[in-house]
Undergrad: 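Take this structure first; my questions come after.
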Amino acid sequence: MESRFAIENRIWNDAESLPRDQLRALQVERLRDCVARVAQVPFYKEAFAREKVTPDAIQSLDDLRRLPFTTKADLREHYPLGFLAVPREKVVRIHGSSGTTGRPTFVAYTKDDLALWSDLCARFLVSGGLRPEHTVHIAFGYGLFTGGFGLHYGVERVGATVVPVSSGNTPRQIMLMQDLGAQVLVSTPSYALQIAEVARAQGLDPRELPLEFAHFGGEPWTQDMGERIERELGLMAFNNYGLSEVIGPGVSGDCAARDGMHIQEDHFIVECLDPDSLEPVAEGEYGELVFTAMTKQAMPIIRYRTRDIAALNASPCPCGRTTVRMSRIVGRTDDMLIIRGVNLFPSQIEEALLRVEGVAPQYQILIERPGALDVVTVRVEMRPEVFSDKMSQMQALRERIDREIQVVAGIHVNVELVEPQSIERTPGKAKRVLDLRNT
Ligand code: ADP
Ligand code: ZN
């Protein structure tokens, strides 16, 4: 990826570059300690009794496989805080998942957990170029969602300036970025596109904004989408991943090489499993990520099934970190569509659309079931300059999109071209899939 900004390769914490054998030994020790601490959590107590697991049973990382999985449904069943592993008075903060897929689930933090979380966020921020002299504009929502507060404290830990703008009112966000000279943007990638769009509508070239770096997370984005955002805003984009059940942002993040996100393995053990058989997939194959958060105090979690699909890469990275890297998330198992027997992720549609000139990177995928079969319609916005053109050109554009989707995903879908600005913009996570089958 071409960029006018280069970054120095810096490592925030020596733990990121521990020799692998030391890292593994640390993981075993921490896992054993974790098993001992969660043994009083009713859900784990029961599961451990069933499987006859005791802390002493953890002798190597292979023993992880003797431990039970934890799912979102398990958390819901013990709503609101049935997974607490410390007395209630030790809890200093509560967050919740943003509820993308239903009722929120709560997570809790002790004082030490918050310190750890800040450190983990500092790690990926620094690996993505953050320096103390930077000003960081945080456009993530502040609230139960872990994005805003997580990044906020991470930036403070590094010693940079935080502008805690939160979400909404894009014209005001643009004014603040300009007036305060923010070099760094923290947001969802879809919100960055919206910033560019609103700037243009104001007659401002988005590249004129002072931004040099962006740390994107919270939703899937393809490499092509990243390149588009980098071009439009004149910045360098870094990916970071996390989820509230594991800790929030800070589970993994890009380094200067931007070839996979380093997983903070001194705190989280990762597995990549076939979501059906729950057996490990081969390295480099896509599977469901499963995380064990060993070191959290308030709510450690064992083998949490994220439903996020990605691949792992254990090869050495030029940045010097020794940790395993994860690919971009291609989608959630919940969002995976099975169309006439073919698996389809929204990210594949995104990849195809971004290859087509004349369409804006704004799209929605509608699923309907008018008869016995599911019908998928990809609704995509045209660029303003294309919109006024002739019908025949529209038809050609539709065919072009259909062809690209056929190449990337191997299926035909309906393509609906819509006016510029007609797809709803959200300040947080974009809603790409509209499932109208049960409405
Ligand atoms: P939810 O969206 O499930 O209500 P969270 O706010 O905890 O809860 O969001 C975590 C989820 O967001 C992850 O499981 C993943 O699906 C998505 N996510 C977070 N960061 C990224 C990223 N960098 N790339 C793709 N998806 C991400
Ligand atoms: Zn690296």
Side-chain angles (χ1 to χ4, degrees), residues 7 9-12 16-17 71-72 75-76 95-107 117 121 123-124 126-129 140-151 167 186-190 192 214-223 225-226 237-265 288-291 293 301 304-310 313-336 345-347 350 426 428-433:
I7 65 160
N9 180 32
R10 293 191 190 189
I11 294 184
W12 175 255
E16 297 173 72
S17 51
T71 64
K72 189 111 177 164
L75 295 178
R76 290 216 173 101
H95 279 283
S97 79
S98 38
T100 313
T101 54
R103 191 158 80 147
T105 43
F106 294 119
V107 289
W117 190 21
C121 288
R123 291 187 191 181
F124 76 72
V126 165
S127 77
F140 267 153
Y142 280 68
L144 280 179
F145 173 52
T146 49
F149 283 100
L151 270 290
S167 61
V186 168
S187 71
T188 54
S190 57
H215 290 277
F216 293 140
E219 65 183 12
W221 49 302
T222 58
Q223 170 141 351
M225 180 68 97
F238 292 86
N239 200 0
N240 72 84
Y241 167 86
L243 65 168
S244 48
E245 293 84 354
V246 175
I247 200 162
V251 175
S252 67
D254 271 342
C255 64
R258 296 196 296 175
D259 186 20
M261 294 182 273
H262 285 278
I263 297 171
Q264 319 267 25
E265 287 183 284
E288 178 180 351
L289 298 182
V290 171
F291 286 101
I301 200 157
Y304 184 68
R305 292 191 57 184
T306 63
R307 300 180 290 180
D308 290 323
I309 303 291
N313 173 4
S315 67
C317 183
C319 75
R321 287 175 185 77
T322 49
T323 44
V324 162
R325 285 173 282 169
M326 58 183 262
S327 69
R328 288 172 183 281
I329 303 286
V330 293
R332 288 186 167 196
T333 49
D334 326 59
D335 281 345
M336 190 179 81
F345 280 110
S347 58
E350 178 173 304
T426 52
K429 302 179 185 229
K431 182 139 184 58
R432 306 287 193 201
V433 180

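As the structure lists them, so they are numbered: ligands from 1, and atoms in each ligand from 1.
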Undergrad: Start with the C-alpha gap between H95 and F145, add the side-chain angles, then the distance that decides, and say whether ring pair (Phe, Tyr, Trp, His ring centres under 6.0 Å) holds.
TA: CA-CA 6 Å; H95 279 283; F145 173 52; 8.7 Å; no
Undergrad: Quick one: CZ on F149 to CG on L144, what's the gap to the nearest 0.5 Å?
TA: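 One finds 9.5 Å between CZ of F149 and CG of L144.
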Undergrad: Quick check: does S244 get an N/O under 3.5 Å from an N/O on ligand 1?
TA: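 Checking ligand 1 against S244, an N or O pair does fall under 3.5 Å apart.
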Undergrad: Decide whether an N or O pair under 3.5 Å exists between I329 and ligand 1.
TA: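 No: no nitrogen or oxygen of I329 is under 3.5 Å from one in ligand 1.
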Undergrad: Classify the ring geometry between F238 and H215 as parallel (under 30°), tilted (30 to 60°) or perpendicular (over 60°).
TA: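 Parallel, since the angle between the ring planes stays under 30°.
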Undergrad: So if I count the atoms of ligand 1 from 1 in the order they appear, which ones are less than 4.0 Å from some heavy atom of S97?
TA: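 Counting from 1, the qualifying ligand atoms are 4 (O), 8 (O).
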Undergrad: Look at the side chain of S17 and the backbone N and O of T322, then say whether any donor-acceptor pair between them is shorter than 3.5 Å.
TA: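 No; zero donor-acceptor contacts below 3.5 Å.
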Undergrad: Are any side-chain N or O atoms of D254 and backbone N or O atoms of G128, one a donor and one an acceptor, separated by less than 3.5 Å?
TA: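 Between the backbone of G128 and the side chain of D254 there is no qualifying donor-acceptor contact (under 3.5 Å).
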Undergrad: Exactly one of R332, R305, R307 should register a salt bridge (charged side-chain N to carboxylate O under 4.0 Å, His left out) with E288. Which one does?
TA: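 Filter result, single survivor: R305.
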Undergrad: For N240, state whether at least one heavy atom is located under 4.0 Å from any atom of ligand 1.
TA: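 Yes, N240 has a heavy atom closer than 4.0 Å to ligand 1.
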Undergrad: Please confirm whether R328 comes under 4.0 Å of ligand 1, counting heavy atoms of the residue only.
TA: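 So R328 does not count as touching ligand 1.
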Undergrad: Give yes or no for whether the N/O distance cutoff of 3.5 Å, strictly under, is met between T306 and ligand 1.
TA: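 No: no nitrogen or oxygen of T306 is under 3.5 Å from one in ligand 1.
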Undergrad: Do you know how many protein N, O or S atoms are within a distance smaller than 2.8 Å of the Zn ion (ligand 2)?
TA: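 Step by step: take the Zn ion (ligand 2), keep protein N, O, S below 2.8 Å, and you get 4.
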Undergrad: Between K429 (side chain) and G218 (backbone), is there a donor-acceptor pair under 3.5 Å?
TA: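 Yes.
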Undergrad: Looking only at heavy atoms, is any part of R307 under 4.0 Å from ligand 1, and if so is it the side chain, the backbone, or both, or is it neither?
TA: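 No part of R307 comes within reach of ligand 1.
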Undergrad: Are side-chain N/O atoms of T323 and E265 paired as donor and acceptor at under 3.5 Å?
TA: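 T323 vs E265: no donor-acceptor pair found between side chains.
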Undergrad: At a 4.0 Å threshold, what atoms of ligand 1 neighbour a non-hydrogen atom of N239?
TA: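 Result: 22 (C), 23 (N).
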Undergrad: Between E219 and A430 (side chain of the first, backbone of the second, donor and acceptor by atom type, cut-off under 3.5 Å), is there such a pair?
TA: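 Yes; judged by distance alone, with no hydrogens or angles, the pair exists.
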Undergrad: Say whether, by atom type as modelled, one donor and one acceptor occur between the side chain of T188 and the main chain of G428 under 3.5 angstrom.
TA: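 Pair found, side chain donor or acceptor close to backbone of G428.
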Undergrad: Tell me the contacting part of D308 for ligand 1: side chain, backbone, both, or neither, using a 4.0 Å heavy-atom threshold, strictly below.
TA: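 The answer is the side chain of D308.
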Undergrad: Between ligand 1 and W221, is the shortest N or O to N or O distance under 3.5 Å?
TA: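 No; the residue has no nitrogen or oxygen that sits under 3.5 Å from a nitrogen or oxygen of the ligand.
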Undergrad: For ligand 1, which atoms, with element, lie under 4.0 Å from some heavy atom of F145?
TA: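 Taking each heavy atom of F145 in turn, ligand 1 has 6 (O) under 4.0 Å.
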Undergrad: From N9 CG over to C255 SG, what is the distance, rounded to the nearest 0.5 angstrom?
TA: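 Between atom CG of N9 and atom SG of C255 there are 7.0 Å.
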